[in-house]
**Student:** 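Encoded as C-alpha cells, here's the structure I'll be asking about.
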Amino acid sequence: MSKIDTAKRLLNLASNQPGSFIKAAKYGVKYGLVGLHDRFHQELVLNDVDVPEDAPEPGTIGGDLTFSIVMPVYNVDVKWLSKAVESIENQSYRNWELCIADDASSDRRIREYLLLKQSDRIKVTFLDENQGISKASNAAAALASGDYVVLMDNDDMIARNALQELFACASVSHADVIYSDNDVINENDQRVAVLHKPDWSPDLFLSQMYVGHLLAFRRSLFNEIGGFRSEYNGSQDYDLLLRMTLKTQSIQHIAKVLYSWRAIESSTASNPDSKPYAQIAGRAAIQDYLNKRYGSGECHVDETENLFVYDVRYPIPEKTRASIVIPTKDHIDDLDAAISSIFEMTDYSNFEIIILDNNSVDPQSKQYFDEIQSKHDNLRVIPAHYQFNWSKLNNHGIREATGDVFVFLNNDVTIQTRDWLTRLVENALRPEIGAVGGLLLYPDGTIQHAGVVIGMGGWADHVYKGMPPVHNGNPYISPMVSRNVSAVTGACMALSRDTINQIGGFDEEFIVCGSDVEICLRATKFGMRNLYDSQVRLTHYESKTRDAKDIPEVDFRLSKAMYRPYLASGDPYYNRNLDYLSCEPRVISRKERMVREARDDMWVELSAIRPLSFVKTTRPVSARLNLLIPSVNQEDVFGGISTALNFFERIISDTNIDARIIVLDSIPRSGDVSKRFPDYSIIELGNDSDCPKQVVAASKRERSSLPVSANDWFIATSWWSAYCFQDEALRQQGLCDGIKTNPLIYLIQDYEPGFYAWSSEYVLAKSTYQSDVPIIAVFNSRELKSYFADNHISFEREYVFDPFLNKRLAEKLSEHHGLVAKRKQVLVYGRPGTPRNAFELVVESLRRWIKTDEAAKQWDFLSAGEQHPPVLLAEGRYLSSVGKLSLDDYAVLLSESYAGLSLMVSPHPSYPPLEMAAFGVQVVTNQYDCKDLSYFSPNITSLHRATPHEVSSALHDICSDFKSEVTCGNVLKSYLECPDPYPFISEIEDLILQK
C-alpha cells in the first residue's frame with residue numbers, strides 16, 4: 001500500500017471514527033513509529049479480507065441440503081433484528097429456512113416485526129413466558145426440518161455466501177459439524193476486529209470456546225444429544241458442542257469470514273465482562289464433558305487468570321517416571337543454570353536427568369560432571385563420543401533412559417513454573433497426544449516459542465516470536481491459550497515411551513535442525529496430535545538471531561521436502577488469511593497475497609527419480625525377490641499397487657524364497673504392515689539384515705544404500721521405480737567392484753508416458769522401456785500389450801494376464817445372488833487431478849445431459865476416486881465427491897448406482913468400468929486405439945467419439961430405461977472366476993530359482 005493510499009484510508013477511517021487520531025497518538029507512544037504502522041496496517045487491511053468477489057445474486061445457487069437457521073429473540077432492537085434477517089434473505093444459496101423463537105419479549109415492536117416476516121420459510125413461535133436462551137433456542141430448533149442447524153444471534157449478520165460455503169463444505173466432507181472464521185462489526189457495520197481460526201483443535205477447544213460462529217451441525221446429531229441445557233446458559237453453545245464431540249470428530253473448518261458478531265453495549269463482542277456468569281457455566285460444561293469422557297474424578301478443569309480461558313488437568317499413574325535428556329558440549333555455566341533450575345523449580349519428584357556429553361574438551365566440564373553426579377543420585381552423564389548429530393544424541397538418550405516419558409531439553413534453558421514437568425508428563429501420557437511443548441521466553445521476556453507453524457517464513461518458525469507474552473486473541477488465538485500445533489521445538493519437548501515405540505525415534509538424517517518438527521509431523525501421520533501448553537514456561541537463552549551458515553545443507557534439503565505440502569496448502573493449525581512471512585499474527589489482504597505468490601521463487605526438481613543406491617551385501621544371500629512399490633499403507637493399497645502385491649506374494653508363496661518390499665514414496669506404518677504382512681519386519685534402508693521377510697523404508701534414501709547381491713531379483717510397479725533400478729544397475733556396471741544385476745521384472749499396468757503431456761516425465765517414463773537392462777515385461781491386459789507391439793516396443797520376455805475382480809469386491813458381489821436394487825444415481829470415476837481421466841469432459845457431458853433432458857434433474861451425481869469440492873452442473877444439480885472409499889463402501893456405491901461414467905485416455909482398460917459392469921451398473925466409457933470394452937459386458941457402452949454430445953446421449957438412452965432392480969455379474973466369466981490369473985508365472989519362478 002502506497003503512502004498516498006495509506007493516507008486516504010486513514011482519512012476515511014478518521015471520518016467514520018474520529019477517535020482514530022487519538023488512537024494513533026496512543027499507539028505512537030506505546031509501540032513507536034514501526035508499531036504504529038503495523039497497528040494501523042491491521043485496521044486498514046481488515047476491510048480487505050474475505051469479502052466475496054462477484055458473489056452470486058440472492059437465491060441463485062441450489063443444492064440438495066437444507067439449512068435451518070435457529071435464532072432465539074429477546075428484546076433486541078428491531079433495527080439489529082431486521083439486519084440479521086435481511087442478511088439471511090440475501091443468501092446466494094436458496095435452500096434455507098429461518099426458525100425464530102421469541103422468548104416473551106416485552107417490546108411489542110418485535111412481535112409486530114416477526115408477524116410481518118412470518119412465512120413458509122421464516123417460521124416463528126412465541127413463548128408465553130421468558131424461559132432463557134437455551135429453552136428459546138430449543139423451541140426455535142423444534143421448528144427446523146433441515147439437514148443442518150445453523151446457529152445465529154438476533155443482532156448479528158452472515159455473509160451473502162455463508163450458506164453456499166456451508167453447502168460446499170458439507171457436500172465434500174459430509175462433516176457433522178462445520179464452523180467458519182468470524183469478524184466483529186460495530187453499529188455502523190464496519191469491521192473492527194477479525195478472528196481467523198485454526199482447523200479443528202480439540203485441546204484448544206477445551207481451553208477456550210474458539211469455534212464461536214458461524215456454527216452448523218447435523219440436526220440429527222442435535223436431536224440425539226438432546227439440544228441445549230438451561231443450566232449452562234451463557235455457555236450453552238459451548239456445552240452443546242462439547243457433548244457433540246463425544247459423538248463425532250467429523251468437524252470441518254471453513255477459513256473464510258462468514259459471520260459478523262455485532263459489538264453493542266450488551267454484547268460480549270464489545271464487553272467480555274457483560275456476561276460474567278458465562279465463565280462459570282463454561283467451566284461447568286467442560287467438567288461435565290471430562291466426567292463423561294474419562295469418568296468422574298479422573299480429570300478436572302480450572303479457570304485461569306484470563307476470562308473464558310480454561311486449564312484442563314489430566315491424571316498421572318503412580319510411579320510414572322520422567323527422563324530428562326540434555327545433550328551438551330562444555331558450556332558449563334549454561335548447563336549448571338539449567339540443572340539447578342530443574343532441581344529448584346520442579347514439584348514432580350519422580351524424574352531422572354541424562355546428560356549426553358558430546359565431546360566436551362574443557363577440563364572444567366569433567367570436573368563439573370563428576371560433581372553433579374555425586375550430588376544427585378538421579379542424574380547420569382553418558383559419554384557420546386561421536387560427531388554432533390542432535391537426533392542421534394537424543395536417540396542415544398532414549399536408549400539410556402528408564403522413564404515412561406522422555407523430556408528433551410536444550411542445555412540453555414531455565415525453568416520458570418514449578419508444575420512444568422507435571423504438565424508435560426500428564427499430557428504426553430495421553431494416547432492421542434504425540435509431542436508436548438511449552439512457552440519459551442527470551443531473556444528479555446519476549447516470546448521465543450509458542451508453537452511451530454509449518455510454512456512460516458517459507459520454512460517453519462515460531463508464531464508470536466519476539467512478541468510480549470500477553471493475552472490477545474485478535475486476529476488469531478492468544479499465545480496464553482493452550483492449543484494443538486503442527487510441531488513444537490526440540491528445545492523443550494516431551495514424548496511418551498509408548499509414542500516413541502509406535503512412531504520411532506528422531507530421524508538421524510537430520511543433523512542440526514528439522515528432526516524435532518519431523519517427529520511431530522510423523523506423530524500426526526499416526527493419528528496423534530501435538531500440544532502447546534501455555535502454562536509450561538521456561539527461559540531459553542538462545543540468541544534472537546541464529547546463523548543459518550551453521551546448519552548443514554542436508555537439513556535444508558530434507559526440511560524443504562518435508563515442508564513442501566504445507567507450503568502449498570498451509571498449516572492446518574494456523575490460517576491462510578494470516579501472513580506466513582510474519583511471526584506476529586497479522587492479516588494479509590487478498591491483493592498482498594497475490595503479489596507475494598507471484599514473487600515466490602520457483603522450485604524445480606524431479607522428485608520421482610531420487611536415486612536408490614546399491615551396495616554389495618557383506619553376507620551370503622540365496623535367491624531373494626524385491627518389490628519396488630510406492631506404498632504399503634492401507635489407504636493406498638488398491639488398483640495397481642494391490643495387483644503388484646498380489647503378483648509378488650504369489651511368487652513368494654510358490655517359491656518360499658526371501659522377500660523384500662522396498663517402499664519408495666511413503667513411510668510404512670507399523671500397524672498397516674503387521675496387518676497385511678504379519679511375517680515381515682520393518683527394516684531401515686542401509687541395514688543389511690538377515691531377516692527373510694522385510695519391508696524396507698526407502699522414502700528417505702539420500703544417505704543410505706540398499707544391500708544387494710547377485711541373487712537379488714527386482715519387480716518394478718511404476719516407471720519411477722523401474723527408473724531407480726535401471727539407473728543404479730547401469731551405474732554399477734561401471735564400477736570395478738560392480739554388482740551383477742538380473743533382468744528387471746517390469747509389471748506394466750499402463751502406458752505411463754501418456755500420464756504426462758510431452759515433458760521431462762514423458763521422456764523419462766518412456767526411457768524405462770528402452771533401457772539396456774534386460775526386461776521381463778508383464779502386461780495387465782491384452783489391449784496394453786497390443787499397444788506396445790503396435791508402437792514397436794518389445795522386451796526380452798513378455799507375458800500378459802487378463803483383469804480380474806478384486807477378491808473383496810467379488811465377495812460383496814456374491815452376497816447379492818444375482819440381483820441388485822438400484823436408485824436414480826450416476827456414479828462417476830472422478831479424478832480432477834489426473835488428466836487421463838478427462839474430468840472436465842465428464843463434467844461437460846453431465847451438464848449437457850441435464851440441460852437437454854428434463855428427466856436428468858431427478859438423478860443424483862456422485863464422484864468417487866479422489867476428494868474434490870462439489871461441482872455445479874446445471875439447474876442446481878451438483879456432482880458431489882465421496883473421495884476414495886474403502887472396498888466395502890465402494891461395493892455399496894456400485895450396488896446402488898444405476899448408471900456410471902468412467903473415461904480414461906489410455907490403452908489400458910481402467911478397472912472402474914469393469915467393476916461397475918459387474919455390479920449391474922450401465923456404464924459409459926470411451927474407446928482408445930485398440931481398446932473397446934463392449935465385448936466385456938452388455939452393461940458397457942464403449943464410445944468411439946467421447947464428446948459431450950455422444951456421452952450425454954448415451955446417458956439419456958441408458959437412464960430412460962431405468963429399472964429399480966437389475967441383474968449383476970453379467971460380465972466375462974474369466975473376470976469373476978479366475979482360478980489362476982498368472983498362468984505363466986512358473987516360467988518367471990524358474991528363472992529366479994535358476995532352474
**Student:** Assess the residue pair Arg676 and Leu645 against the criterion (side-chain contact (heavy atoms from CB on, under 4.5 Å)); give the C-alpha distance rounded to whole Å, side-chain angles, the decisive distance to 0.1 Å, and a yes or no.
**Tutor:** CA-CA 10 Å; Arg676 174 69 190 259; Leu645 286 170; 3.6 Å; yes
**Student:** Is there side-chain contact between Leu846 and Leu955, with heavy atoms separated by less than 4.5 Å?
**Tutor:**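 Yes - at least one pair of side-chain heavy atoms lies under 4.5 Å apart.
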**Student:** Is it true that atom NZ of Lys247 has more than 12 heavy atoms of other residues, nucleotides or ligands lying nearer than 6.0 Å?
**Tutor:**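 Not more than 12 within 6.0 Å, no.
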**Student:** Under 4.5 Å between any side-chain heavy atoms of Ile667 and Asn633, yes or no?
**Tutor:**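 A side-chain contact under 4.5 Å is absent here.
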**Student:** Measure the spacing between CH2 of Trp200 and OH of Tyr573 and express it to the nearest 0.5 Å.
**Tutor:**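 Between Trp200 CH2 and Tyr573 OH, I get 10.5 Å after rounding to 0.5 Å.
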**Student:** Does a side-chain N-to-carboxylate-O contact under 4.0 Å join Arg219 and Asp147?
**Tutor:**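 No, Arg219 and Asp147 are not salt-bridged.
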**Student:** Salt bridge between Asp802 and Arg782, side-chain N to carboxylate O under 4.0 Å?
**Tutor:**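 A salt bridge links Asp802 with Arg782.
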**Student:** Once rounded to the nearest 0.5 Å, what's the spacing between atom CG of Asp665 and atom CG of Asp636?
**Tutor:**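 Output value for this atom pair is 9.5 Å.
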**Student:** Between Tyr148 and Phe67, does the ring-ring contact (aromatic ring centres under 6.0 Å, His included) criterion hold? Intermediate values first, please.
**Tutor:** CA-CA 5 Å; Tyr148 284 83; Phe67 295 98; 5.7 Å; yes
**Student:** Hey, which of Phe861, Phe962, Phe919 is the one that makes ring pair (Phe, Tyr, Trp, His ring centres under 6.0 Å) with Tyr898?
**Tutor:**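 The residue from Phe861, Phe962, Phe919 that satisfies ring pair (Phe, Tyr, Trp, His ring centres under 6.0 Å) with Tyr898 turns out to be Phe962.
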**Student:** Could you tell me if the ring centre of Tyr93 sits under 6.0 Å from that of Phe167?
**Tutor:**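 Yes - the distance between ring centres of Tyr93 and Phe167 falls below the 6.0 Å cut-off.
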**Student:** Compare every heavy atom of Ser845 with every heavy atom of Pro948, then report the nearest pair and how far apart it is.
**Tutor:**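 Taking Pro948 first and Ser845 second, the nearest heavy atoms are CA-OG, 3.4 Å.
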**Student:** Might you work through the side-chain contact (heavy atoms from CB on, under 4.5 Å) test for Val172 and Cys169, ending with a clear yes or no?
**Tutor:** CA-CA 5 Å; Val172 172; Cys169 180; over 6 Å; no
**Student:** Using distance alone, with no hydrogens and no angle criterion, decide if Ser886 and Asp889 have a side-chain donor and acceptor under 3.5 Å apart.
**Tutor:**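 Side-chain D/A pair, Ser886 to Asp889: present.
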**Student:** For Arg669 and Asp672, which heavy atoms make the closest approach, and how far apart are they?
**Tutor:**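 The answer is NH2-OD2, 2.9 Å.
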**Student:** I'd like to know whether CD of Glu815 has more than 12 heavy-atom contacts from other residues, nucleotides or ligands below 6.0 angstrom.
**Tutor:**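 Above 12, so yes.
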**Student:** Mark yes or no for whether Thr834, through its side chain, and Arg836, through its backbone, hold a donor-acceptor pair below 3.5 Å.
**Tutor:**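 Side chain of Thr834 to backbone of Arg836, a donor-acceptor pair under 3.5 Å: no, none is there.
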**Student:** Hydrogens and angles aside, do Asn575 and Asp181 bring a side-chain donor and acceptor to less than 3.5 Å of each other?
**Tutor:**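 The criterion, which ignores hydrogens and geometry beyond distance, is satisfied for Asp181 and Asn575.
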**Student:** Go through the side-chain N and O atoms of Asp750 and Ser906 and say whether any donor and acceptor fall under 3.5 Å apart.
**Tutor:**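 Judged by distance alone, the side chains do pair up.
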**Student:** Within the 4.5 Å heavy-atom criterion, are Gln825 and Leu893 side-chain neighbours or not?
**Tutor:**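 Yes, their side chains come closer than 4.5 Å.
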**Student:** Could you give the distance from CE (Met916) to OH (Tyr829), rounded to the nearest 0.5 Å?
**Tutor:**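 Met916 CE to Tyr829 OH: 9.0 Å, rounded to 0.5 Å.
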**Student:** Compare every heavy atom of Asp199 with every heavy atom of Tyr179, then report the nearest pair and how far apart it is.
**Tutor:**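 Distance-wise, the nearest heavy atoms are OH-C, 3.0 Å.
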**Student:** Decide whether Ser250 and His174 meet the rule of one side-chain donor and one side-chain acceptor closer than 3.5 Å.
**Tutor:**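 Not at all, the side chains of Ser250 and His174 share no donor-acceptor pair under 3.5 Å.
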**Student:** Which label fits Phe801 and Phe804: parallel for a plane angle under 30°, tilted from 30 to 60°, or perpendicular past 60°?
**Tutor:**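 Answer is tilted, since the angle falls between 30° and 60°.
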**Student:** May I ask you to test the Asn484-Pro198 pair for a side-chain heavy-atom distance under 4.5 Å?
**Tutor:**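 Not in contact.
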**Student:** Look at atom CD of Gln634 and say whether more than 12 heavy atoms of other residues, nucleotides or ligands are closer to it than 6.0 Å.
**Tutor:**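 Not buried by this count: 12 neighbours or fewer within 6.0 Å.
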**Student:** Side chains of Met152 and Ile88, heavy atoms from C-beta outward: is any pair under 4.5 Å?
**Tutor:**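 Contact flag for Met152/Ile88 side chains = yes.
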**Student:** Drop me the distance from Leu258's CG to Asn182's CG, to the nearest 0.5 angstrom.
**Tutor:**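 The distance works out to 9.5 Å.
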**Student:** Could you walk me through whether Leu241 and Val177 pass the side-chain contact (heavy atoms from CB on, under 4.5 Å) test, one step at a time?
**Tutor:** CA-CA 9 Å; Leu241 191 48; Val177 179; 3.8 Å; yes
**Student:** Indicate yes or no: does Lys123 engage Glu97 in a salt bridge with an N to O separation below 4.0 Å.
**Tutor:**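 Between Glu97 and Lys123 there is a salt bridge, with a charged N closer than 4.0 Å to a carboxylate O.
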**Student:** Within the side chain of Ser863, is there an N or O that forms a donor-acceptor pair under 3.5 Å with the backbone of Ser881?
**Tutor:**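 No; zero donor-acceptor contacts below 3.5 Å.
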**Student:** Say whether, by atom type as modelled, one donor and one acceptor occur between the side chain of Ser642 and the main chain of Gly639 under 3.5 angstrom.
**Tutor:**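 Such a contact is absent between Ser642 side chain and Gly639 backbone.
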**Student:** Looking only at atom types and distance, does a side-chain atom of Ser960 sit under 3.5 Å from a main-chain N or O of Asp957, one as donor and one as acceptor?
**Tutor:**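 It does not hold such a pair.
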**Student:** Between Thr524 and Leu521, is there a donor-acceptor pair closer than 3.5 Å when you use the side chain of the first and the backbone of the second?
**Tutor:**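 Checked: pair present.
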**Student:** As a test of understanding, state which of Val828, Val951, Asn837 forms a side chain to side chain contact (heavy atoms under 4.5 Å, CB included) with Val842.
**Tutor:**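 Of the listed options, the one satisfying the test is Val828.
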**Student:** Between Phe222 and Phe217, does the ring centre distance come in under 6.0 Å?
**Tutor:**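 Yes.
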**Student:** Is it true that Arg218 and Asp176 make a salt bridge, defined as a side-chain N closer than 4.0 Å to a carboxylate O?
**Tutor:**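 Salt bridge between Arg218 and Asp176, a charged N being under 4.0 Å from a carboxylate O: yes.
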**Student:** Between the side chain of Thr941 and the main-chain N/O of Thr925, is any donor-acceptor distance below 3.5 Å?
**Tutor:**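 No; zero donor-acceptor contacts below 3.5 Å.
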**Student:** Hey, does Tyr935 have a side-chain heavy atom less than 4.5 Å from the side chain of Leu972?
**Tutor:**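 A side-chain contact under 4.5 Å exists here.
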**Student:** For the atom pair CD1 (Ile641) and CG (Leu747), what is the distance rounded to the nearest 0.5 Å?
**Tutor:**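 That separation rounds to 11.5 Å.
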**Student:** Would you check if the distance from the ring center of His868 to the ring center of Phe839 is below 6.0 Å?
**Tutor:**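 Yes: the rings meet the under 6.0 Å criterion.
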